[in-house]
J.: 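Just passing along the structure, written as structure tokens.
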Amino acid sequence: MLEIKDLNVFYGAIHALKGISLTVGDGELVSLIGANGAGKTTTLHTISGLLRASSGSIVMDGYDLQKVPANTIIGMGLAHVPEGRHVFARMTVEENLRMGAYIIKNQKNISENLEKVYSHFPRLKERRRQLAGTLSGGEQQMLATGRALMTGPRIVLMDEPSMGLSPLLVKEIFAIIEELHKSGITILLVEQNAKMALAVSDRAYVLETGTISMEGRAADLAADDRVRKAYLGA
Amino acid sequence: MITFIQFLITGLRLGSVYALIALGYTMVYGIIKLINFAHGDFIMVGGYSLFFTIPIMMNVGIPGWLAVVPAIVVCACVGMLVELLAYRPVRKTGNNLTCLITAIAMSFVLENLAQAIPAIGPDPKVPYTLFAKTISVGGVAISHATIITVAVSAVIMAALYFFTQKSRIGCAMRCVSEDKEAATLMGINVNHTIIVTFGIGAGLAAVAALMYIAQYPKVFTTMGATLGIYAFVAAVLGGIGSLPGAVLGGLLIGIVQSGANTYISSSMSDTFVYLILIIVLMIRPAGILGKNVGEKV
């Protein structure tokens with residue numbers, strides 16, 4: 001579904017991604033783990049067009065995402081839940097969700113999707129009239145996730161969904177990720193919480209200072225000594 | 001009592017014009033955090049557009065005030081061109097300071113370009129006076145221009161508020177003003193939204209120009225400079241970035257100026273405007289309705 005080949009990205013003089021290649025198959029849950037500054041967020045930003053690569057390709061359904069404007073990528077069925085939620089703080093919960101469906105013009109479709117998201121996240125329905133800036137971190141993560149689901153995407157990029165959340169909420173968020181995965185949505189997950197990420201993923205890539213150092217089935221990586229030492233604290 | 005009502009009405013009228021201009025400042029600031037110093041000059045562009053088109057309209061039997069329609073179009077185009085040719089390229093590579101300097105430069109460019117047009121030139125022109133009749137209510141003389149200015153401004157402000165809260169593009173504007181990256185991820189074309197904001201802001205300046213020349217029938221190339229400053233102060237006073245704040249700030253400054261003119265001395269009115277600004281900013285640094293919603297991490 002998504003195929004990245006030999007991607008090179010620079011931040012000014014800093015070579016952030018040094019020719020990485022990865023694939024995400026239809027219906028797969030793939031995670032990208034690694035330390036701070038390894039290039040995980042950069043990878044997601046480049047996929048969704050917020051950053052442009054200096055070379056390499058990102059192909060989705062036969063289209064090179066590098067060649068289309070960033071704001072049209074969501075229309076191709078790819079949604080992105082950014083790191084740090086990035087909800088619209090001065091808008092209500094429901095307004096945020098409706099903005100998630102900005103590209104949909106049919107009001108009926110929007111209402112249907114809204115109900116679907118509310119059924120995934122009943123807490124958001126309770127707080128629909130509240131300003132997003134006043135929600136707790138966990139609720140904001142649910143809102144950012146719900147907002148990304150408003151177009152009914154086929155693939156979702158999730159950037160550090162567990163960041164800053166209590167252990168209980170982390171569990172809740174991962175349960176939601178598994179639920180989405182089971183419903184058939186393809187997911188590319190970026191996480192510092194490698195243990196949880198590997199537990200739910202089909203496959204995983206380990207990113208180290210801009211290069212992919214290891215890849216394989218999530219269960220195999222979780223059992224690998226090097227991964228256990230570096231990322232699982234064993 | 002009559003003096004008091006007269007002062008209040010004059011203040012309301014002046015304030016309505018400031019509010020319309022302040023809305024343009026505040027919308028652009030809200031969306032790209034730029035104080036658009038060229039915004040005052042959009043009023044000048046509107047003023048000259050009205051000066052040239054009012055006689056043409058009246059010659060063919062159309063009411064003169066309808067000249068505001070071509071003025072809105074001209075102003076909106078100039079506003080969008082300024083964004084497209086000056087601000088957008090600078091924003092791509094520069095920082096806030098370079099954008100600000102570009103805005104100051106664009107103000108001079110517009111004034112000098114206008115002066116270079118032979119039909120405009122350096123000398124002030126006197127446009128046809130619209131809405132000159134007055135009516136008397138209980139001994140208070142109110143001109144048609146006053147009623148129309150206050151009413152039209154109120155309708156426009158309400159419509160604008162509704163537009164930003166409910167319409168698709170209005171919601172996109174609010175998203176872009178909060179978070180450009182997240183807006184892009186929603187599928188919003190950020191540059192398109194910014195240019196529409198410039199068009200609307202400059203269009204409002206054209207309406208303000210109509211109201212202003214009905215009050216002070218004189219157009220000249222630097223007419224936007226002082227007006228722009230008052231409107232800018234109004235936007236800051238009300239809380240820059242806030243639409244209701246711009247309206248409140250505009251009305252407040254109009255009333256303060258009118259009050260100082262009536263009861264103290266017209267040469268002192270500016271002093272009071274800035275005095276109010278300083279006092280308000282000491283108590284509420286973000287302006288009367290300005291607020292900082294903290295983002296949770």
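Below, chains carry the letters A, B, ... as their sequence lines are ordered, and counting in each starts from 1.
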J.: As a quick check of understanding, evaluate salt bridge (Lys or Arg N to Asp or Glu O under 4.0 Å) for Arg174(B) and Glu95(A), giving each step before the final call.
T.: CA-CA 11 Å; Arg174(B) 286 192 290 148; Glu95(A) 280 179 317; 2.8 Å; yes
J.: Test the Lys33(B)-Tyr29(B) pair against the cation-pi criterion, namely NZ or CZ under 6.0 angstrom from the six-membered ring centroid and within 45° of the ring axis.
T.: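 Yes, cation above the ring, under 6.0 Å and within 45°.
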J.: Got a donor-acceptor contact below 3.5 angstrom from the Thr186(A) side chain to the Gly27(A) backbone?
T.: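 Judged by distance alone, yes, a pair lies under 3.5 Å.
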J.: Report which part of Gln141(A) has an atom under 4.5 Å of a heavy atom belonging to chain B: side chain, backbone, both, or neither.
T.: neither
J.: Relative to chain A, which of Glu181(B), Lys180(B), Gln165(B), Met186(B) shows the most heavy atom pairs under 4.5 Å?
T.: Met186(B)
J.: Does the Arg90(A) side chain pair with the main chain of Leu131(A), one donor and one acceptor, at a distance under 3.5 Å?
T.: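 Flag not set: sc Arg90(A) to bb Leu131(A) has no pair under 3.5 Å.
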J.: Measure Arg147(A) against the heavy atoms of chain B and call it side chain, backbone, both or neither at under 4.5 Å.
T.: side chain
J.: If I measure from the heavy atoms of chain B, does Leu50(A) come under 4.5 Å with its side chain, its backbone, both, or neither?
T.: side chain
